[in-house]
Chemist: 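Sharing a structure, written as structure tokens. Questions coming.
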Amino acid sequence: MSDKPIERRRQYPYHEIEPKWQGYWKANKTYRQPNPGEPGFDPSRPKFYVLDMFPYPSGDGLHVGHPEGYTATDIVSRYLRKRGFNVLHPMGWDAFGLPAEQYAIKTGQHPAITTERNVNRFRQQLQRLGFCYDWDREINTTDPGYFKWTQWIFLQIYNSYYDAETQKARPVSELEAQGLSRDEIDVRRLAYVAEVQVNWCPGLGTVLANEEVVDGKSEVGGFPVERRPLKQWMLRITAYAERLMSEMETLEWPEGIKRHQREWIGRSEGAEVKFKVESTGDSLTVFTTRPDTLFGATYMVLAPEHPLVDAITAPEQRDAVSAYRQQVASKSEMDRTALAKEKTGVATGGYAINPVNGERIPIWIADYVLISYGTGAIMAVPAHDDRDHEFAEQFGLPIRLVVQAPEGNTDQCFCGDGTAINSPLIDGLPTQEAKRKITAWLEDQGLGRKTINYKLRDWLFARQRYWGEPFPIIWEDGKHQALPESALPVVAPPLDDYKPGGTPEPPLSKATDWVEYSETARRETNTMPQWAGSCWYYLRFTDAQNASRFAGVEAERYWMGANGKTGGVDLYVGGAEHAVLHLLYARFWHKVLYDLGYVSTIEPFHKLVNQGLILGEDMQKMSKSRGNVVNPDHVVDEYGADSLRLFEMFMGPLEQMKPWSTKGVEGVYRFLGRVWRLIMDSADEGESWRISEKVKDVEASPAILKVVHETIRKVGGDIDSMSFNTAISQMMICVNELTGAEVRPLSALAALLQVLNPFAPHLSEELYERLTQQFTTLPKGPLSEVPWPKYEERYLIEDSIEIVLQVNGKVRDKMRVPVAATKDDLQTAAMASDKIKEAIQGKQIKNVVVVPKRLVNIVVI
RNA sequence: GCCCGGGUGGCGAAAUCGGCAGACGCAAAGGACUUAAAAUCCUUUUUCCGGAGACGGGAGUGCGGGUUCAAGUCCCGCCCCGGGCACCA
């Protein structure tokens with residue numbers, strides 16, 4: 001019992017035809033897409049840019065989740081090519097990053113070696129699935145020819161500042177021209193160095209961005225993360241908060257992702273209000289979204305790290321305050337959030353004066369106030385804020401009602417909109433008006449102003465790792481300095497020991513010769529985070545080989561061109577897990593490049609689609625520990641690539657989460673076998689296949705014409721709306737119809753292969769080739785170059801149609817009527833039906849509803 | 001706690017506009033072919049009641065209401081599942 005049983009079960013020779021066509025496509029560069037100006041480029045065709053989120057080539061190889069989105073984009077690409085578009089459909093590798101380095105440390109192999117091996121494996125696996133990528137555009141973020149431009153873009157960011165006036169990035173050379181000093185310029189750069197509280201992850205030996213920390217643990221690996229102050233490279237993404245928010249409006253993105261980004265940016269309108277510190281006369285600024293509740297402020301809270309804490313603290317509270325601050329500082333981020341159930345804090349013994357009523361209120365410090373948001377200080381209104389309420393209850397602080405809740409509201413602590421009370425300046429005003437009036441009053445008095453705050457923080461851009469892009473920066477006399485463009489790429493030196501040392505000292509600092517740039521200058525030894533390479537890869541694809549620019553001007557303009565939409569990649573497909581990180585960072589870089597005139601659109605990705613997760617057969621998330629992982633290689637071995645592709649699309653809607661089913665794969669495999677046998681016949685158990693005698697070059701019957709043209713119509717429409725599952729259903733209906741027919745007209749089979757081609761490219765190519773060998777009337781192949789068929793309305797129209805006859809909404813009879821039947825005709829015909837007569841006998845007709853082409857409903861009592 | 005997404009046969013699902021609920025596939029059952037099996041082809045398959053049968057009747061899209069001649073689809077109130085956010089003042 002060797003593999004004989006499998007041999008025998010094989011529905012069609014996919015094991016021969018799939019490698020055959022893959023070889024053909026490769027040898028003929030079938031899917032190479034020339035750029036404008038290159039030989040073979042056809043400027044008369046419209047363009048379409050279809051992009052997959054490029055994978056991180058892990059050591060595990062492809063899993064069945066990868067081909068889901070890739071198959072969807074492959075179908076769209078093949079379809080649009082047949083529809084006469086120039087289609088850009090590239091693939092590459094996001095290969096820098098932690099897992100490769102972790103793996104390298106574990107196995108003692110250099111990450112460059114393991115990365116290359118993984119990439120080769122991924123490429124080979126993808127090619128086995130027959131995807132129509134233009135492999136001449138393949139990119140790899142770890143390739144010096146690629147990251148040269150990642151570093152170059154960093155330099156553009158470094159050499160820019162954000163001009164608040166025009167809301168645009170501008171070169172810092174303009175500031176120089178204005179006579180600003182070096183230090184003044186450095187604090188305005190979009191890439192800057194600052195001493196900040198960072199997320200230090202000892203487990204990974206690096207700092208992490210806020211976005212990479214989940215529940216106080218690292219997103220990669222789940223190691224604990226500590227807060228500690230560190231001097232770090234930051235990117236001023238906050239300058240773009242407003243534009244990242246507003247310029248998203250016209251994008252065709254899932255609402256959920258847009259909302260997610262909005263929440264992460266966290267725009268909130270409010271006011272800054274100045275309180276005077278009683279003892280020192282210092283002014284203490286708070287941010288509030290509810291200036292209308294100022295009269296209800298019964299105490300203030302500062303973040304423990306607030307710079308004025310020492311000055312404010314009264315001598316008798318000094319010990320308590322410093323003990324509390326120490327306790328907070330030693331807490332990890334996780335402890336701080338985990339203990340959120342109970343509020344902690346301590347009074348400073350200092351007092352502030354409420355600017356609206358001159359009231360003296362105590363100043364506390366508590367870790368529920370964050371130093372990194374707003375001004376790091378709040379006015380506490382315990383009557384109308386849940387957090388303040390909880391704190392006040394705990395420490396016995398007074399609670400004063402200043403907003404009358406609407407009738408019927410029973411909230412213990414009402415936080416919504418109501419009417420101002422106990423607030424002399426604004427009594428009786430509804431919340432929104434009260435906010436406006438009190439803010440205007442504060443501005444008049446010079447006590448405050450309207451402000452907008454964002455949750456978004458600047459992007460911590462440095463990592464203490466080896467396997468990432470080095471910064472094109474040197475340090476001299478304690479100051480950073482950009483390397484000239486001619487020094488790019490800055491390539492990391494080979495290192496024997498690239499392990500993290502447990503301190504924030506990056507591994508690159510061990511390469512002493514490399515670090516020593518000159519007698520007086522040292523190189524920056526941090527590297528860029530993994531996100532850097534993926535921030536602009538979609539641009540590189542437009543002109544992947546360009547050695548003199550990140551992408552040629554014309555290529556970028558052509559492929560990213562707007563076509564009347566927002567512009568950018570026309571269709572971008574990938575997982576929802578990148579909702580915040582990648583998409584936000586890439587949009588930010590793109591906008592900087594746009595401001596500086598390097599790219600032509602304000603946004604990188606016009607339409608975004610998230611594919612749903614594929615679960616294991618047990619309805620659980622696929623994971624090695626559960627043992628429910630499906631390996632695509634095995635599926636291809638047993639059923640062929642076309643079956644895998646077809647099944648991934650047939651399972652259900654692309655965006656939906658859905659479980660794997662081996663039986664389901666067998667189902668579509670059988671379907672492909674039926675397609676094969678529709679055309680091919682074998683006398684001797686599949687040994688020698690020849691074209692079936694039932695295939696004839698004759699006129700198709702009306703019934704066959706109808707189903708074929710309906711299939712052309714439906715499949716095209718379904719690809720447009722990315723409803724691949726229903727497109728496949730329709731093809732199955734078509735095949736069922738043809739299977740039952742005595743004669744299988746050539747034209748019908750050719751049309752079927754046409755529409756099947758984007759889904760099952762190998763099988764359809766092979767069958768088409770065999771048909772063209774016997775029937776020379778068919779347009780010459782390869783099928784991938786034969787235009788998409790047109791359906792003809794006239795074959796779809798029927799002269800009679802079945803309508804439903806209802807009595808009180810219940811179906812009582814059905815009948816066939818001419819399509820052109822009028823309402824009156826239908827009503828008359830319905831009344832003539834015996835079953836209807838019986839159903840309405842002895843009852844009074846109250847109303848008759850006639851819907852042409854659908855139904856007649858007789859309402860009786 | 002807050003914000004999303006989703007509940008339709010034994011299972012995955014379908015149902016542009018409110019107009020025959022369950023297309024298509026899986027599984028299951030029966031039949032044809034075969035010495036036999038596999039494969040293939042054909043038929044049945046939401047459920048309950050009546051009938052030997054063709055067939056007839058009732059119920060049915062998480063639950064309870066509502067709008068409508070007509071509701072899976074629209075409105076109100078709940079329940080359950082999945083995901084995300086979580087002291088952002």
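Each chain gets a letter, A, B and so on, in the order the sequences are listed, and its residues count up from 1.
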Chemist: Roughly how far apart, to the nearest Å, are B:C87 and B:G5 at atom P?
Modeler: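 About 23 Å, rounded to a whole number of Å.
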
Chemist: Please state how far atom CD in A:Glu666 lies from atom P in B:G25, giving the value in whole angstrom units.
Modeler: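 Result: 15 Å.
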
Chemist: Specify the separation, in whole Å, of atom CD1 of A:Ile257 and atom P of B:G5.
Modeler: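 So the CD1-P distance, A:Ile257 to B:G5, works out to 12 Å.
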
Chemist: For A:Asn736 and B:G25, is the shortest distance between a side-chain N/O and OP1 or OP2 below 4.0 Å?
Modeler: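 So the side chain of A:Asn736 is within the cut-off, an N or O lying under 4.0 Å from OP1 or OP2 of B:G25.
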
Chemist: So which nucleotide from B:C3, B:C87, B:C20 ends up closest to the side chain of A:Tyr368?
Modeler: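 Per side-chain heavy atoms of A:Tyr368, the pick is B:C87.
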
Chemist: Nearest of B:G25, B:A13, B:A59 to any side-chain atom of A:Lys810?
Modeler: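 In terms of side-chain proximity for A:Lys810, the closest of B:G25, B:A13, B:A59 is B:A59.
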
Chemist: Does the side-chain hydrogen bond (donor to acceptor under 3.5 Å, both in side chains) test come out yes or no for A:His15 and A:Arg10, once each step is laid out?
Modeler: CA-CA 9 Å; A:His15 62 298; A:Arg10 212 172 255 147; 3.1 Å; yes

Chemist: Could you check A:Asn808 against A:Asn453 and say which one's nearest nucleotide on RNA chain B is further toward the 5' end?
Modeler: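 Nearest-nucleotide comparison on RNA chain B picks A:Asn808.
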
Chemist: Among B:G19, B:A89, B:C3, which nucleotide has an atom closest to any side-chain atom of A:Glu263?
Modeler: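 Ranking B:G19, B:A89, B:C3 by closest atom to the A:Glu263 side chain puts B:C3 first.
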
Chemist: Measure from the side-chain heavy atoms of A:Val369 and tell me the nearest of B:C69, B:G57, B:A89.
Modeler: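 Output: B:A89.
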
Chemist: When the P atoms of B:C74 and B:A89 are compared, how many Å lie between them, rounded to an integer?
Modeler: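 To the nearest whole Å, 34 Å.
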
Chemist: Considering only atom C1', compute the distance from B:A52 to B:G25 and round it to an integer number of Å.
Modeler: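 Going atom to atom, C1' in each nucleotide, I get 35 Å.
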
Chemist: Closest approach to the side chain of A:Asn857, judged atom by atom: which nucleotide of B:C24, B:U40, B:A70 is it?
Modeler: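 Within the option list, the nearest is B:A70.
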
Chemist: Look at A:Glu272 together with A:Lys274 and state whether they make a salt bridge at an N to O cut-off of under 4.0 Å.
Modeler: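 Salt bridge absent between A:Glu272 and A:Lys274.
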
Chemist: Under 4.0 angstrom, heavy atoms only, what part of the nucleic acid is A:Ile733 near: base, sugar-phosphate, or nothing?
Modeler: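 The residue A:Ile733 makes sugar-phosphate contact but no base contact.
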
Chemist: Regarding A:Glu838 and A:Lys835, does a basic nitrogen lie under 4.0 Å from an acidic carboxylate oxygen?
Modeler: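 A salt bridge is absent here (no side-chain N lies under 4.0 Å from a carboxylate O).
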
Chemist: When the ring centroid of A:Tyr299 is compared with that of A:Phe391, is the distance short of 6.0 Å?
Modeler: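 Yes: the rings meet the under 6.0 Å criterion.
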
Chemist: If you only use heavy atoms from C-beta on, which nucleotide in B:A13, B:C87, B:C41 is closest to the side chain of A:Pro653?
Modeler: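 Nearest to the side chain of A:Pro653 among the choices is B:A13.
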
Chemist: Whom does B:C2 pair with, Watson-Crick or G-U wobble, provided both distances fall under 3.5 Å?
Modeler: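 Check on B:C2: paired to B:G84, both distances under 3.5 Å.
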
Chemist: A:Ser268 side chain N/O closer than 4.0 Å to the phosphate oxygens (OP1, OP2) of B:A89?
Modeler: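 Result: yes.
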
Chemist: Choose from B:C87, B:A15, B:A13 the nucleotide whose nearest atom is closest to any side-chain atom of A:Thr726.
Modeler: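 The answer is B:A15, which lies nearest to the side chain.
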
Chemist: For A:Glu710 and B:A23, give me the distance from atom CD to atom C1', rounded to whole Å.
Modeler: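 So the two atoms are 12 Å apart, to the nearest Å.
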
Chemist: Closer than 4.0 angstrom, basic N to acidic O: yes or no for A:Arg816 and A:Glu802?
Modeler: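 Not counted as a salt bridge, because no side-chain N and carboxylate O are separated by less than 4.0 Å.
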
Chemist: I want to verify a distance call: between B:G82, B:A15, B:C69, whose nearest atom is closest to the A:Val859 side chain?
Modeler: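 When the side chain of A:Val859 is considered, B:C69 is the closest of B:G82, B:A15, B:C69.
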
Chemist: How many whole angstroms separate atom NZ of A:Lys455 from atom C1' of B:C2?
Modeler: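 Rounding to the nearest Å, NZ of A:Lys455 and C1' of B:C2 are 11 Å apart.
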
Chemist: Categorize A:Gly667 for me: base, sugar-phosphate, or nothing, with a 4.0 angstrom heavy-atom threshold over every strand shown.
Modeler: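 If one applies the 4.0 Å heavy-atom cut-off, A:Gly667 turns out to touch the sugar-phosphate alone, with no base involved.
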
Chemist: How close or far is atom P of B:G5 from atom CD of A:Gln656, stated in whole angstroms?
Modeler: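 So the CD-P distance, A:Gln656 to B:G5, works out to 14 Å.
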
Chemist: For the rings on A:Trp689 and A:Tyr12, is their centre-to-centre separation under 6.0 Å?
Modeler: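 Centroid separation for A:Trp689 and A:Tyr12: 6.0 Å or greater.
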
Chemist: What is the separation between atom CG on A:Leu855 and atom C1' on B:A71, rounded to the nearest whole Å?
Modeler: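 After rounding, the gap between these two atoms is 14 Å.
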
Chemist: Which part of the nucleic acid, if any, lies within contact of A:Lys846, taking any heavy atom under 4.0 Å across all strands shown: a base, the sugar-phosphate backbone alone, or nothing?
Modeler: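 Touches nothing.
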
Chemist: Measuring to OP1 and OP2 of B:C26, would you say a side-chain N or O of A:Arg670 lies under 4.0 angstrom away?
Modeler: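 Checking A:Arg670 against B:C26: at least one side-chain N or O falls below 4.0 Å of OP1 or OP2.
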
Chemist: Counting side-chain heavy atoms from CB outward, which of B:A13, B:A14, B:A89 is closest to A:Lys658?
Modeler: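 Nearest to the side-chain atoms of A:Lys658, counting from C-beta on, is B:A13.
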
Chemist: Distance between the C1' atoms of B:G56 and B:C69, in whole angstroms?
Modeler: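 Here B:G56 and B:C69 have their C1' atoms 25 Å from each other.
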
Chemist: Across the strands shown, which category fits A:Thr288 at heavy-atom distances under 4.0 angstrom: base, sugar-phosphate, nothing?
Modeler: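 Answer is sugar-phosphate: A:Thr288 comes under 4.0 Å of backbone atoms only.
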
Chemist: Have a look at A:Lys835 and say if it touches a base, only the backbone sugar-phosphate, or nothing, with a 4.0 Å heavy-atom cut-off.
Modeler: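 Counting heavy atoms under 4.0 Å across all strands, the contact made by A:Lys835 is with sugar-phosphate only.
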
Chemist: For B:A36 and B:U43, measure between their P atoms and round to the nearest Å.
Modeler: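 Nearest-Å result for B:A36 against B:U43 at atom P: 23 Å.
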
Chemist: Taking only Lys NZ, Arg NE, NH1 and NH2, and the carboxylate oxygens of Asp or Glu, determine whether A:Lys694 and A:Glu742 approach each other closer than 4.0 Å.
Modeler: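 Salt bridge absent between A:Lys694 and A:Glu742.
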
Chemist: Please determine, for the side chain of A:His260, which listed nucleotide (B:G84, B:U40, B:G25) has the closest atom?
Modeler: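 Ranking B:G84, B:U40, B:G25 by closest atom to the A:His260 side chain puts B:G84 first.
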
Chemist: Go nucleotide by nucleotide along RNA chain B from the 5' end; which of A:Lys663 and A:Arg267 gets its closest nucleotide reached first?
Modeler: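 Nearer the 5' end of the strand: A:Lys663.
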
Chemist: Could you tell me whether the phosphate oxygens of B:A14, OP1 or OP2, come under 4.0 Å of any side-chain nitrogen or oxygen in A:Asn725?
Modeler: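 Yes.
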
